[in-house]
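Inspection log for the structure reproduced underneath, given as C-alpha cells.
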Amino acid sequence: MKAMMLTGIRQMEMREIPEPELVNSNDVKIKMSVLGICGSDIHYYTQGQIGTQKVQYPFTVGHEGAGEVVEVGKSVKRVKPGDMIAIEPAMPCWECDQCLAGRHHTCRKLRFLGCPGQAEGCLMEYIIMPETSCFPLKGILTPDNGSISEPMAIGVYAVKKSGGVKDLNIGIFGFGPIGMSVMLAARTKGVGNIYVTDRIDDRLVIARKEGALVAGNPDKENIVKKIYNEEKLGIDIAFECCGKQEAFDQAVELLKPGGKLVVVGIPEFDKWTMDVETTRRREISLQFIRRQVDCVEEALKLMADGEINIDNMVTHRFPFAMTKEAFDLVTEYRDGVMKAMIDF
Ligand SMILES: [Zn+2]
Ligand SMILES: [Zn+2]
C-alpha cells in the first residue's frame, strides 16, 4: 500500500510499505477516506519536532482521520466491516494512574497517531486502530465530520475546562481550526459576546461570518483597545489558541478581575512569560489544555444534530498524491486556508 512519509525538513515522498494486519483481538483495520491537516503535522513537517518529540525519518504524520472499517478482530463489538468511522488518534494503556483517574489523554504510556516515538500517522491507505479509537459516523455525518471531530473535540473540551461560557463574554486569540472549534463549541453553550483576533484577514472574515462581535488583526490595529471599546469591563474568559506570547499578553490585558485564561495553543518557544502585576491583582486563573479527553462523541453529536456546522472550516481539498502541495499551502497560510483535507 502507499504511505506518504516525511523524509526530511519540508520533504515528503510516497513510499510503498506492507499493508498492516490485525494483531490483537480488539484491532480494527481501516481504509482511510479523508484526513485533515493539523497544525502539529505542520510543526513536524517544517521543524522535525515539537518540543522533545523528534521525528526519526522516514515517518508518517496525520491524526485527523476518517475511514471505512474493512476487517475487525474477534472481540470487536463497536464497529463492523462497512462502517464509516471517525478515528480517535489517542491509544491509551487504560491501566496507569492517569487512565484509571479518567485522564487517559495524559496516559503515561500514551500512543498517539503520527507522534514520533509513539505511532505512525494515518497518511497511508490502511491503518490498524484499537476498537476504543473507532467512533461510527451516524445519520448525516460525513467523513469530513469524522476527521474534524478531532480538533472539534479539543474545542468542546477547552470550553468545558473553562468552567462554562454561558452568558459570558469570551476572547479567542488565534482563529485557526482550533480557535474556530472553540468558537463553534462555545456557541452551543449559550456564550455571550465573542471577540476574535488573528493575523490573517481571511480568517477574520470567517470569524465575523460565524458571529464574532469584533474580529481584529493585531498587526494592523490595537485590538486590546478595540475590544475594550465594546466590553468596557473586560472579558470573562480568554482562549489562547495560537501559541504566541503577544496573544497571551493581550488575553491577560483584556481579562476582567477573576477572569480565566485558557491556553490551548502550542508555542514554538520554551517558556511563557506573564505580567506579575496584572495576573496577581486581577486574580487571573490559568488553565492549560492538553488535547482532549472523552469529547469526541459530544463533538460528533453536536455536528449530527446540526448545532455545529463545519462548512466554513473546510476550505481546501487535495488528492492523496498531492499531500506535499497541501502541506506547503498550510505552512505558508496561503489562499485563506483554514482546514485542508486530503482525499484518499
Ligand atoms: Zn489535530
Ligand atoms: Zn494509561
Side-chain angles (χ1 to χ4, degrees), residues 6 24 26 32 34-47 49-51 53 55 59-67 86-123 127 129-130 132-133 135 143-158 174-182 184-185 239 241-243 263-268 289-296 299-300 303 310 313-316 323 326-327 330-331 337-342:
L6 297 186
N24 304 310
N26 65 338
M32 290 297 300
V34 68
L35 176 93
I37 299 174
C38 178
S40 63
D41 298 329
I42 297 296
H43 277 269
Y44 290 125
Y45 177 59
T46 58
Q47 299 175 42
Q49 64 190 90
I50 294 180
Q53 272 168 325
V55 173
F59 181 70
T60 318
V61 291
H63 61 266
E64 299 181 3
I87 300 162
E88 143 78 270
M91 295 171 275
C93 76
W94 303 109
E95 288 172 350
C96 70
D97 63 321
Q98 294 294 300
C99 284
L100 294 177
R103 295 185 47 91
H104 40 95
H105 60 314
T106 51
C107 169
R108 309 271 181 181
K109 292 183 199 155
L110 184 69
R111 293 175 62 242
F112 194 93
L113 274 184
C115 240
Q118 297 179 11
E120 292 283 328
C122 51
L123 264 173
I127 61 163
M129 294 297 285
T132 44
S133 285
F135 292 84
D144 276 7
N145 291 127
S147 163
I148 298 292
S149 71
E150 199 269 345
M152 194 59 68
I154 295 172
V156 169
Y157 180 65
F175 200 68
I178 292 294
M180 185 168 177
S181 295
V182 167
L184 295 178
F239 294 90
C241 297
C242 55
V263 182
V264 197
I266 305 176
E268 285 178 1
I289 298 295
R290 174 57 166 165
R291 295 181 181 140
Q292 58 84 27
V293 62
D294 291 334
C295 287
V296 173
L300 287 171
M303 290 188 275
I310 59 165
M313 187 180 296
V314 176
T315 52
H316 292 73
T323 302
F327 271 61
V330 179
T331 298
V337 64
M338 180 63 88
K339 181 63 82 179
M341 312 295 282
I342 303 294

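All ligand and atom numbering here is 1-based and tracks the order in the structure. Predicted model, so just to flag it, every value in this text is computed and none were measured. Position 1 is the first residue of the sequence, and the numbers go up from there.
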Angle in degrees, rounded to 10°, that SG of Cys93 and SG of Cys99 form at the Zn ion (ligand 2): 120°
The Zn ion (ligand 2) to nearest N/O/S of His104 less than 2.8 Å: no
Minimum-distance atom from the Zn ion (ligand 1) among N, O or S atoms of Glu150: OE1
Name of the Glu64 atom (N/O/S only) found closest to the Zn ion (ligand 1): OE2
Met152 vs Ile310, side-chain contact (heavy atoms from CB on, under 4.5 Å): CA-CA, chis, key distance, verdict: CA-CA 9 Å; Met152 194 59 68; Ile310 59 165; 4.0 Å; yes
Approximate separation, where rounding is to 0.5 Å, of Met129 CE and Met91 CE: 4.0 Å
Spacing of CD belonging to Gln98 relative to NE2 belonging to His104, to within rounding of 0.5 Å: 11.0 Å
Opening angle at the Zn ion (ligand 2) [SG, Cys96; SG, Cys107; to 10 degrees]: 110°
Evaluation steps, side-chain contact (heavy atoms from CB on, under 4.5 Å), between Asp97 and Arg108: CA-CA 8 Å; Asp97 63 321; Arg108 309 271 181 181; 2.7 Å; yes
OG on Ser181 to CD1 on Ile154, rounded to 0.5 Å: 7.5 Å
